[in-house]
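Working notes, beginning with the structure itself.
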Amino acid sequence: MAKKLTPRNKDFSEWYNQLVKEADLAEHSPVKGCMVIKPYGYALWEQMQKTLDTMFKETGHVNAYFPLFIPKSFLSKEAQHVEGFAKECAVVTHYRLKNDPNGKGVVVDPEAKLEEELIVRPTSETIIWSTYKNWVQSYRDLPLLINQWANVVRWEMRTRVFLRTAEFLWQEGHTAHATKEEAIEETLKMLEVYFTFAEKYMALPVIKGIKTENERFAGAVETYCIEALMQDGKALQAGTSHFLGQNFPKAFDVKFLTKENKWEYAWATSWGVSTRLIGALIMAHSDDEGLVLPPQLAPYQVVIIPIHKTEEEYQKVTAQCDVIAQQLKKANIRFKIDARKEFTPGWKYAEYELKGVPLRIAVGPRDVDNHTVEIARRDTKTKQSISADNLVQSVEKLLSEIQENIYQKALSFRKSMTTRVDTFKEFEEVLNEKGGFIEAHWDGTIETELKIKELTKATIRCIPINNALEEGKCVYSGKPSKQRVLFAINY
RNA sequence: CGGGAUGUGGCGCAGCCCGGUAGCGCACUUGCUUGGGGUGCAAGAGGUCGUGGGUUCAAAUCCCGCCAUCCCGACCA
């Protein structure tokens, strides 16, 4: 154990930053707030993409691609939308450079000024709805169920790798429907997709809920979300699904003729998750030894390490590794053999623990003789010697146990970090001493929400759906309330 | 944009207080050794000390400006 991460309980931010770097996920770029996603980090994103993309297609969506640049005027067509995003837009004003007349590098050519400035998309509602205008004329053209995988830019004041970067990768779904009911159904359907993805694949327990007016997406009628809890007791918004009503269709004049031959505006939704999910994954499961990845998303589910001294042993052991590899390949298990002679087994163990590979199989001369392998779990850090017979079944069983174990661990953590409070004094105490989610009554006004935020920095993460109704009094104002909402300090 | 900190080989840092021309660990190259929990030894390569100015015989070190990054706030996914 040479390389030690700063322990989580000492400095969680420091631990997170070191882990991202040491596990080879990403590094800072020369441009402030931007990151280089390294191959291992990108492989993780690809696993997420692959899974989500399949889920989107199974729910009837198709992929398309819309441009990076948006004419400035588009952004201002929806009033709330522009207000929400105007402060963080990168703007393209020129299209050409030239040699500096003073001989120092290149300068922007003042003669190459754009007639209309272009915004680098912070999100694509405007460019997409301006396009949908041409695609929608009749009820027969609906619904439009389109997703795009893209990068977006939001010029944030303060950035943090994966959690909030100036440029990030995401998917954004943008759908158009003939009726309000159908659009709301779509919004909820995609919320459910995100919920399933978080719980089943990321092993991340999340709360489904509705955002308050204050936290709602700029331009949405209703914002649904999934909220997760990180190991430091802070909440993280993991995905959002918006019912946009007719705001964008009206702003971009997207109308269609109904069966009854009447003009009507389309109904809209949008929904997205981003590379922020990688941050969520890290902060939910990993430990002081390094990453802990859920088997469902790990780039490698298994790493095989041959152990040998002599050349003869090397041949014998790697031959056995190849046999195992064939079996794993046949069973569609993602694996890697690390037969590099330059590194010792101990070094490799530490390396793959840091990288969060769920299972490690070591094969040495003794194993070949005994027809066994040594198999070690990343989540519990336990190892055992098992028979080389039925190895695939053992691996599959262990992988699903790990998936379930880290989910349960995160779930019981969330339970232990969710507190019901009924007085504001308790509210402040819990927040200061424990953190986590706080279930409390709220009078439903934006004034109270803002006041609580000002006093405690906690915000309403969501109004949980499927939440039992319960008469009570607002924790701050004492006014009547019908249900508890979820407060937390968030990322 | 406010508060704090930091900029020194690829990475992490020491040196700065008390000026004398740069060192350590990791990584890298070569050879041997070792190999079931980050082997050990030896040799080697690699640095405009963020940047611009000032003080001085002499600046990584002292003074002033600028820039960048990170952390903590305000803003946000």
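In what follows, every chain begins at residue 1, and chains take the letters A, B, ... in the order their sequences are listed. Being a predicted model, the structure only gives us computed values, none of them experimental. Every heavy atom of this structure was used, including side-chain atoms; hydrogens, water molecules and symmetry mates were not.
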Check: Which of these nucleotides, B:G38, B:G36, B:G35, is closest to any side-chain atom of A:Asp367?
Finding: B:G36
Next item on the list: Sticking with atom P, work out how far B:G47 lies from B:G10, rounded to a whole angstrom.
Entry: 8 Å
Check: Checking only heavy atoms, does the side chain of A:Lys309 share a donor-acceptor pair with the base of B:G36 at less than 3.5 Å?
Finding: no
Notebook entry, point to check: On a whole-Å scale, what distance lies between the C1' atoms belonging to B:C49 and B:G15?
Noted result: 11 Å
Note to self: Can you check the distance between B:G52 and B:U8, where both ends of the measurement are the P atom (answer in whole Å)?
What the structure shows: 15 Å
Margin query: Within the supplied structure, the quantity of interest is the number of heavy atoms (other residues, nucleotides, ligands) at a distance under 6.0 Å from A:Lys200 NZ; does it exceed 12?
Written below: no
Item checked: Any strand: nucleotide that pairs with B:G2 via Watson-Crick or wobble, under 3.5 Å -> B:C72
Check: CD1 of A:Ile304 versus P of B:G36: gap in Å, rounded?
Finding: 18 Å
Next item on the list: Name the residue closer to the 5' end of RNA chain B, choosing between A:Thr159 and A:Ala218 according to the nucleotide with the nearest heavy atom.
Entry: A:Thr159
Next item on the list: For A:Asn490 and for A:Asn17, find the nucleotide of RNA chain B with the closest heavy atom, then tell me which residue's nucleotide is more 5'.
Entry: A:Asn17
Item checked: Rounded C1' spacing from B:G19 to B:A59 in Å -> 6 Å
Notebook entry, point to check: Now, which nucleotide makes the Watson-Crick or G-U wobble pair with B:G7, with each of the two distances under 3.5 Å?
Noted result: B:C67
Next item on the list: Using a strict 4.0 Å threshold on nitrogen-to-oxygen distance, state whether A:Lys316 and A:Asp369 make a salt bridge.
Entry: yes
Checklist line | Gap between atoms CZ and C1', on A:Arg340 and B:G35 respectively (whole Å) | finding: 15 Å
Next item on the list: Round to a whole Å and report the spacing from CG of A:Leu236 to P of B:A77.
Entry: 12 Å
Notebook entry, point to check: Rounded to whole angstrom units, what separation is found between the CD atom of A:Glu88 and the C1' atom of B:A74?
Noted result: 14 Å
Notebook entry, point to check: Which of these passes salt bridge (charged side-chain N to carboxylate O under 4.0 Å, His left out) with A:Glu227: A:Lys208, A:Lys211, A:Arg414?
Noted result: A:Lys211
Check: Across the strands shown, which category fits A:Phe217 at heavy-atom distances under 4.0 angstrom: base, sugar-phosphate, nothing?
Finding: nothing
Next item on the list: Write down the atom of A:Thr310, the atom of A:Glu313, and the distance for their closest heavy-atom approach.
Entry: OG1-N, 3.0 Å
Item checked: Value in whole Å for how far the P atom of B:C76 lies from CH2 of A:Trp170 -> 16 Å
Next item on the list: Would you indicate what A:Lys87 reaches in the nucleic acid, counting non-hydrogen atoms under 4.0 angstrom: base, sugar-phosphate, or nothing?
Entry: nothing
Checklist line | Closest listed nucleotide, where the reference is the side chain of A:Ala350 and the choices are B:A77, B:G38, B:A74 | finding: B:G38
Item checked: From B:G38, B:G36, B:A77, nucleotide with atom closest to A:Trp347 side chain -> B:G38
Check: CD of A:Glu83: more than 12 outside heavy atoms within 6.0 angstrom?
Finding: no
Next item on the list: Give the nucleotide from the list B:G36, B:A77, B:C76 with an atom nearest to the side chain of A:Ala362.
Entry: B:G36
Item checked: Pairwise C1' distance for B:G44 and B:A27, with rounding to whole Å -> 15 Å
Check: Using the P atom in both, what is the distance from B:G7 to B:C13, to the nearest Å?
Finding: 8 Å
Note to self: Side chains of A:Gln320 and A:His371 only: does a donor on one sit below 3.5 Å from an acceptor on the other?
What the structure shows: no
Check: Given atom CD1 of A:Ile489 and atom P of B:C75, what is their separation to the nearest angstrom?
Finding: 12 Å
Checklist line | Proximity to the side chain of A:Arg154 - top-ranked nucleotide from B:G36, B:G38, B:A77 | finding: B:A77
Next item on the list: Measure from NZ or CZ of A:Lys77 to the centre of the six-membered ring of A:Phe74 and say whether it is under 6.0 Å with the direction within 45° of the ring axis.
Entry: yes
Check: Is A:Gln237 touching bases, backbone alone, or none of the nucleic acid, heavy atoms closer than 4.0 Å?
Finding: sugar-phosphate
Check: Any idea which of B:G36, B:C28, B:A77 is nearest the A:Ile307 side chain?
Finding: B:G36
Notebook entry, point to check: Just how far, in rounded Å, is P of B:G38 from CZ of A:Arg360?
Noted result: 12 Å
Item checked: Atom C1', compared across B:A43 and B:U55: separation rounded to whole Å -> 44 Å
Next item on the list: Identify whether any heavy atom of A:Lys383 sits under 4.0 Å from a base atom; if not, whether one sits that close to sugar-phosphate; answer base, sugar-phosphate or nothing.
Entry: base
Note to self: Counting the atoms with a prime plus P, OP1 and OP2 as sugar-phosphate, which does A:Glu14 contact under 4.0 Å by heavy atoms, base, sugar-phosphate, or nothing?
What the structure shows: nothing
Notebook entry, point to check: What are the two closest non-hydrogen atoms of A:Ile463 and A:Val485, and how far apart are they?
Noted result: CG1-CG1, 3.7 Å
Next item on the list: For B:G9 versus B:U51, give the span between their P atoms, rounded off to a whole number of Å.
Entry: 10 Å
Notebook entry, point to check: From the list B:G12, B:G36, B:G38, which nucleotide is the closest neighbour of the side chain of A:Lys21?
Noted result: B:G12
Note to self: By nearest atom, which of the nucleotides B:C28, B:G36, B:C75 is closest to the A:Arg366 side chain?
What the structure shows: B:G36
Note to self: Using the side-chain heavy atoms of A:Lys457, tell me which of these nucleotides is nearest: B:G73, B:A77, B:G36.
What the structure shows: B:G73
Next item on the list: Can you tell me the pairing partner of B:G44 across any strand shown, Watson-Crick or G-U wobble, with both distances under 3.5 angstrom?
Entry: B:C28
Checklist line | Nearest to side-chain heavy atoms of A:Arg276, which nucleotide of B:A77, B:G38, B:G36 | finding: B:A77
Margin query: Nearest whole Å is fine: how far is B:G12 C1' from A:Glu27 CD?
Written below: 15 Å
Item checked: Base-pairing mate for B:C62 - Watson-Crick or G-U, with both contacts under 3.5 Å -> B:G54
